[in-house]
Every structure is written in C-alpha cells, then in structure tokens.
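Take a look at the structure below.
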Amino acid sequence: MSKYKEVYQNIKNKIDSGELKANQELPSENELMTQYGFSKDTIRKALSLLELDGYIQKMRGRNSIVLEHGRTKNNYLAEIKTSGELNRDANHTIETQLTSLYIVQGEQVLMDTFKVDDSVDFYRVSRSRKIDGERLEYELSYFDRRVVPYLNKEIAETSIYQYLEEELHLKITHSRREISFRYATNEEKEHMDLGDYDMVAVVTSLTYLSNGQVFQYGTITYRPDKFTFVTMAKR
C-alpha cells in the first residue's frame, strides 16, 4: 500500500469507527506529518482523497473538518455500506423486515444482466426498511445462487453483506449505480409509508466481487422527501 493510501485508510477508519466525530477538526498538516512520519506531499494527497470521498472538508486558513457521515439524510454514493454501518453513531432506529424470499429462474432481465442462460437461478429478496418508525426504504435484490447458495430470514433481516463477507468469505469490492425518479410500483406502495407521494427515488446497482464477477443486481427505493444523495466532485 502506498504511503498516502495508508494515511487515508487510517483516518478513514477513525471516522468510520466514530473515533473522529462529525465537525471535529483534524490535526494540522504539520502535526499529521509528525504523527505518520511522512512528507507534506503525502499528507496532502491523503487529505485530498478523503475530501474526494466525502469524509472531510478542507477549510481555508484552518484545519480540515470531518463531515457528517450518518444515515438520514445523506447517502454517499461512493461507498457500499450496510444500514448498520451507515448508522454507526446510533442516531436513528433502523428495522429491516423481510417481505419475500424465493428463487427465480429464466427471467430475461436477469439473464441479460448476468450474461447467463436459463439454467442459472437467483434469490429474489425484498426488504422494507423502517427508520425512526416510518417505512422509508424498499429494497429488491437478486443474488446469483452460484455465488450465494443459501439465504434465510435471519440473514436477510440482520445483514446479508455481513453473512457474505464473514461466513462465505466473499470479497465485495465495488458497485455501479444509477439514480432515477419514477412513479412508485404497487409493491412499493404496499411496503412503504409514502404518504401523499406517488413517486420514489431509485438507486439501481450492480455489485461485484474482487474477481470482477457480478453477484447482485437490484434497486433501493426511497421516499423522496427523506433522503438526498451525495457525491463529491473535483475539478
């Protein structure tokens, strides 16, 4: 690992674990140089990467500050996080409820997405997520059963990714995501507290393992008044 990525990862871990809190100032560049024993250029590259990924904000004339990285209202698109990880400060009560779990086969959209024939089957998992008493998210995911041969209600309502990483020892590396807005389906209306809203914000994703294999395809829909989607852009 390069030196600046080592510094980046160490500071990122401190933010993820809550050791560094939102709005807290980081040490100065000179103090970080002393702490890590690296050059100012290395420290600046690490800080720039942290800013690009939405962890900190550089401030003119003062030290960098840690950005809020919680759940409601910001969903950071550059990360793959479970609900528990996004709510690491326990600012919200989050409850996941499995609404359906069954096996599907021969669906054209899945065969096209995963580039397989109709001999391959998939878990279809739908879950409703209640945040502070309101059902604000609805998640529909398809898992390739050649990679994920077993799921049950307990796994689905706890953490599928935790099971995949800790029990199956899979290395989940990245996800390609697309944001759109559309009218809610009947399924979403049934399992979300949409109130007067008839539209939802949708994140469609393809998620990959370290070997480049797609293992999950799906959507998470959000009630539009409760969530924003945040990414960082650099010129």
Side-chain angles (χ1 to χ4, degrees), residues 9 12-13 16 52-55 69 71 74-88 94 96-117 119-129 131 136-182 185 187-188 191 200-222 227-232:
Q9 192 63 50
K12 175 181 177 295
N13 289 343
D16 285 337
L52 182 63
D53 286 349
Y55 282 94
H69 227 62
R71 177 97 185 164
N74 295 330
N75 286 274
Y76 284 81
L77 300 181
E79 301 177 295
I80 303 176
K81 294 285 190 181
T82 66
S83 293
E85 290 168 338
L86 284 168
N87 191 38
R88 70 176 194 281
I94 299 178
T96 299
Q97 179 182 9
L98 179 69
T99 57
S100 68
L101 171 61
Y102 54 89
I103 295 171
V104 297
Q105 191 172 14
E107 294 193 5
Q108 193 62 50
V109 65
L110 296 178
M111 293 190 290
D112 292 344
T113 299
F114 288 84
K115 297 179 173 55
V116 297
D117 59 29
S119 66
V120 177
D121 55 20
F122 301 86
Y123 272 120
R124 183 190 190 274
V125 185
S126 61
R127 298 181 290 179
S128 175
R129 192 159 289 116
I131 302 175
L136 302 178
E137 293 182 16
Y138 186 67
E139 181 178 357
L140 176 59
S141 292
Y142 295 90
F143 293 92
D144 187 336
R145 291 189 68 240
R146 297 172 301 174
V147 180
V148 186
Y150 177 75
L151 289 174
N152 62 18
K153 184 175 187 291
E154 181 182 1
I155 294 169
E157 292 189 341
T158 304
S159 172
I160 293 178
Y161 274 21
Q162 181 179 342
Y163 167 72
L164 299 183
E165 292 175 325
E166 296 183 5
E167 299 295 328
L168 299 187
H169 306 293
L170 297 176
K171 177 65 174 177
I172 303 168
T173 56
H174 63 286
S175 178
R176 184 179 67 79
R177 298 174 180 180
E178 177 182 296
I179 306 171
S180 59
F181 297 86
R182 58 165 170 74
T185 65
E187 186 175 355
E188 290 161 348
H191 297 293
V200 289
V202 186
V203 177
T204 303
S205 62
L206 279 172
T207 309
Y208 297 79
L209 300 176
S210 58
N211 62 3
Q213 181 179 2
V214 178
F215 76 95
Q216 178 190 6
Y217 165 74
T219 60
I220 303 180
T221 54
Y222 303 91
F227 291 86
T228 58
F229 301 96
V230 178
T231 187
M232 305 297 289

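Of the possible polar contacts, one joining the S175 side chain to the L206 backbone as a donor-acceptor pair under 3.5 Å is found. At least one donor-acceptor pair under 3.5 Å links the side chain of T221 to the backbone N or O of Y138. A side-chain donor-acceptor contact under 3.5 Å links S128 to the backbone of H191.
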_side chain to side chain contact (heavy atoms under 4.5 Å, CB included) evaluation trace for Q162 with I155_ = CA-CA 9 Å; Q162 181 179 342; I155 294 169; over 6 Å; no
*Assess whether side chain to side chain contact (heavy atoms under 4.5 Å, CB included) is satisfied between V125 and F143, documenting all intermediate values.*
CA-CA 8 Å; V125 185; F143 293 92; 4.0 Å; yes
*Step by step, would you call Y222 with V203 a side chain to side chain contact (heavy atoms under 4.5 Å, CB included)?*
CA-CA 8 Å; Y222 303 91; V203 177; 3.9 Å; yes
*asked:* Between I172 and E165, does the side chain to side chain contact (heavy atoms under 4.5 Å, CB included) criterion hold? Intermediate values first, please.
replied: CA-CA 8 Å; I172 303 168; E165 292 175 325; 4.0 Å; yes
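In plain terms, the two heavy atoms of Q213 and V147 that are nearest each other are NE2-CG2, 3.3 Å. Here the closest non-hydrogen pair linking R127 and T96 is CD-CG2, 3.8 Å. Shortest non-hydrogen contact noted between V120 and Q105 is O-CG, 3.7 Å.
Between R182 atom CZ and E188 atom CD the span is 4.0 Å, to the nearest 0.5 Å. To the nearest 0.5 angstrom, T185 atom OG1 is 5.5 Å from E187 atom CD. For the atom pair CD (E139) and CD1 (I220), the distance works out to 4.0 Å, reported to the nearest 0.5 Å. Expressed to the nearest 0.5 Å, how far CG of L151 lies from CZ of R145 amounts to 9.0 Å. Here the straight-line distance linking atom OG1 of T113 with atom CD of Q108 works out to 9.5 Å at 0.5 Å rounding. In this structure, CG in N152 is found 8.5 Å from OH in Y123, a value given to the nearest 0.5 Å.
Counted by atom type alone, T173 and S210 present zero donor-acceptor pairs between their side chains at under 3.5 Å. Looking only at atom types and distance, the side chain of S126 has a donor-acceptor partner in the side chain of T99 under 3.5 Å away. R177 and S205 form no side-chain donor-acceptor contact under 3.5 Å, judged by distance and modelled atom types alone. If you check the side chains of Q216 and Y161, you find a donor sitting under 3.5 Å from an acceptor.
Taking the six-membered ring wherever Trp is involved, the centroid distance between the rings of F122 and Y217 does not fall below 6.0 Å.
A cation-pi arrangement, defined by a distance under 6.0 Å to the six-membered ring centre and an angle within 45 degrees of its axis, is absent between R176 and Y208.
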